[in-house]
Peer 1: 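Structure in structure tokens, see below.
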Amino acid sequence: MSPASAKFITFEGGEGSGKSTQARRLAARLQKDGVPTVLTREPGGSPFAERVRALLLDPATPAHGPLAEALLFSAARADHLNVAIRPALAAGAWVICDRFADSTRVYQGYAGNVPAAVLDALEHAIIGETRPDLTLVVDMDVGEGLARAHARRVAKTERNDADRFEGRDRTFHETLRQGFLDLAKANPQRCVVIDGSGSEEDVAARVWGAAQRVLGIA
Ligand code: Z5A
């Protein structure tokens, strides 16, 4: 496969939708095909942003409201872009990012009521021209997604608790799901909704088909 130029691909979706799994699989497939690929995530992806991630996800962090959250996610994103994403794209690598600015739009904007004008200004200042070429929105039944995320957490930590975001009620997660679907509808030129049901292989085939179609991969 010979890509014309570096591409920026983001994965979005709700809890346990399987997007992290699919981001890893797509990165592995591209690498196997000889495409230099960087897999990264938000919040995180740079040393500073990983520190902000730890603060944001810690259940012990005091409540600070959606606007403060949006600013923290954005501060992490500014560093992540400067330290990792832009240098990788400039070097010709494809960048696959597990969550990006659409998560701020949906979690802090759609669900948290931070005004769109505030998020527009943050995106303009922080992201500028570094917009995704393709955003894969992995859509999944909320109950199934939460069960997957919960099972993984218990297996990993042997604890039955949740991080600050997982711990919210089901209505919140239904709102998020609708938010991602609305966002995809409003941005059809770069967003593709991927059905997250079925086996990992089934979903990976849908992701690959979308990448081929939108990015012109042979
Ligand atoms: N957040 C925000 O509010 N604003 C922002 O701007 C940003 C983020 C950037 C980050 O949490 C939190 O920050 C997130 C949004 C908020 N809120 N929450 N929660 P995170 O990074 O810790 O977690 P996450 O991004 O939500 O993803 P996740 O929990 O890692 O889940 P996932 O990526 O959707 O799923 P997964 O890890 O690929 O799979 C979950 C489990 O299901 C795992 O055990 C898999 O092996 C299994 N799996 C995956 N696919 C399948 C299939 N097809 N069948 C069966 N089982 C499967």
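Order of appearance sets the numbers: ligands from 1, and atoms from 1 within every ligand. None of the values given here were measured: they were computed from a predicted structure.
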Peer 1: Please examine the side chains of His173 and Arg177, heavy atoms only from C-beta on, and report whether any two atoms are closer than 4.5 Å.
Peer 2: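 Not in contact.
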Peer 1: Under a heavy-atom criterion of less than 4.0 Å, does Gly198 contact ligand 1?
Peer 2: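 It does, in that a heavy atom of Gly198 comes within the 4.0 Å cut-off of ligand 1.
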Peer 1: Can Ser199 be said to touch ligand 1, with heavy atoms closer than 4.0 Å?
Peer 2: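 It does; at least one heavy atom falls under 4.0 Å.
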Peer 1: Within a distance under 4.0 Å of any heavy atom of Gly16, pick out the atoms of ligand 1 and give their elements.
Peer 2: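 Heavy-atom distances to Gly16 below 4.0 Å select 31 (O), 32 (P), 34 (O), 35 (O).
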Peer 1: Heavy atoms only: which of Val106, Leu57, Val138 lies closest to atom 11 (O) of ligand 1?
Peer 2: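 The residue whose heavy atom sits nearest atom 11 (O) of ligand 1 is Leu57.
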Peer 1: So, do Ser74 and Leu122 sit near enough that their side-chain heavy atoms are less than 4.5 Å apart?
Peer 2: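 Yes, their side chains come closer than 4.5 Å.
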Peer 1: Between Glu200 and ligand 1, find which residue part has any heavy-atom pair under 4.0 Å and reply side chain, backbone, both or neither.
Peer 2: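 Near ligand 1, Glu200 shows its backbone as well as its side chain.
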Peer 1: Can you tell me which portion of Glu69 lies within the under-4.0 Å heavy-atom range of ligand 1? Options are side chain, backbone, both, or neither.
Peer 2: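 Answer for Glu69: neither.
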Peer 1: Measuring from Leu55:CG to Glu50:CD, what's the distance to the nearest 0.5 Å?
Peer 2: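 Between Leu55 CG and Glu50 CD, I get 13.0 Å after rounding to 0.5 Å.
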Peer 1: Please classify the Gln108 to ligand 1 contact at 4.0 Å (heavy-atom distances, strictly less than): side chain, backbone, both or neither.
Peer 2: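 Only the side chain of Gln108 comes within reach of ligand 1.
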Peer 1: Under 4.0 Å from a heavy atom of Gly14: give me the atoms of ligand 1 that qualify, with their elements.
Peer 2: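 In order of numbering, the contacting atoms are 34 (O).
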Peer 1: Can Arg24 be said to touch ligand 1, with heavy atoms closer than 4.0 Å?
Peer 2: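 Distance cut 4.0 Å: Arg24 fails for ligand 1.
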Peer 1: Start with the C-alpha distance between Arg148 and Glu15, add both sets of side-chain angles, then the distance that settles side-chain contact (heavy atoms from CB on, under 4.5 Å), and finish with yes or no.
Peer 2: CA-CA 8 Å; Arg148 277 185 192 172; Glu15 283 299 285; over 6 Å; no
Peer 1: Look at the side chain of Arg99 and the backbone N and O of Gly13, then say whether any donor-acceptor pair between them is shorter than 3.5 Å.
Peer 2: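 Answer holds: yes.
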Peer 1: Consider ligand 1: state whether an atom of it lies below 4.0 angstrom from any non-hydrogen atom of Ser197.
Peer 2: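 Ser197 does not count as a contact of ligand 1 under the 4.0 Å cut-off.
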Peer 1: Is Arg53 paired with Asp58 through a side-chain N to carboxylate O contact shorter than 4.0 Å?
Peer 2: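 Arg53 and Asp58: not salt-bridged.
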Peer 1: Would you say Gln22 has any N or O atom under 3.5 Å from an N or O of ligand 1, going by distance alone?
Peer 2: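 No.
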Peer 1: Check the surroundings of atom CZ in Arg51: do more than 12 heavy atoms from other residues, nucleotides or ligands lie under 6.0 Å from it?
Peer 2: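 No - once you tally the heavy atoms of other residues, nucleotides and ligands closer than 6.0 Å, there are 12 at most.
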Peer 1: Do the two ring centres, one from Phe8 and one from Phe100, sit under 6.0 Å apart?
Peer 2: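 Yes, close enough.
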Peer 1: Is the closest side-chain donor-acceptor distance between Ser20 and Arg41 under 3.5 Å?
Peer 2: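 Checked: Ser20/Arg41 side chains show no N/O donor-acceptor pair below 3.5 Å.
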Peer 1: Counting both backbone and side chain atoms, is some N or O of Glu42 under 3.5 Å from an N or O of ligand 1?
Peer 2: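 N/O-N/O distance under 3.5 Å: no.
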Peer 1: Taking a cutoff of less than 4.0 Å between a non-hydrogen atom of the residue and any ligand atom, is Arg53 in contact with ligand 1?
Peer 2: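 It does, in that a heavy atom of Arg53 comes within the 4.0 Å cut-off of ligand 1.
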Peer 1: Gly18 versus ligand 1: do any nitrogen or oxygen atoms come within less than 3.5 Å of each other?
Peer 2: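 Such a contact does occur with ligand 1.
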Peer 1: Return the CD1 to CZ distance between Ile127 and Arg77, rounded to the nearest 0.5 Å.
Peer 2: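 Going from the CD1 atom of Ile127 to the CZ atom of Arg77 covers 5.5 Å.
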Peer 1: For Arg77, counting its heavy atoms only, list the atoms of ligand 1 lying under 4.0 Å from any of them.
Peer 2: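 Those qualifying, in numeric order: 6 (O), 9 (C).
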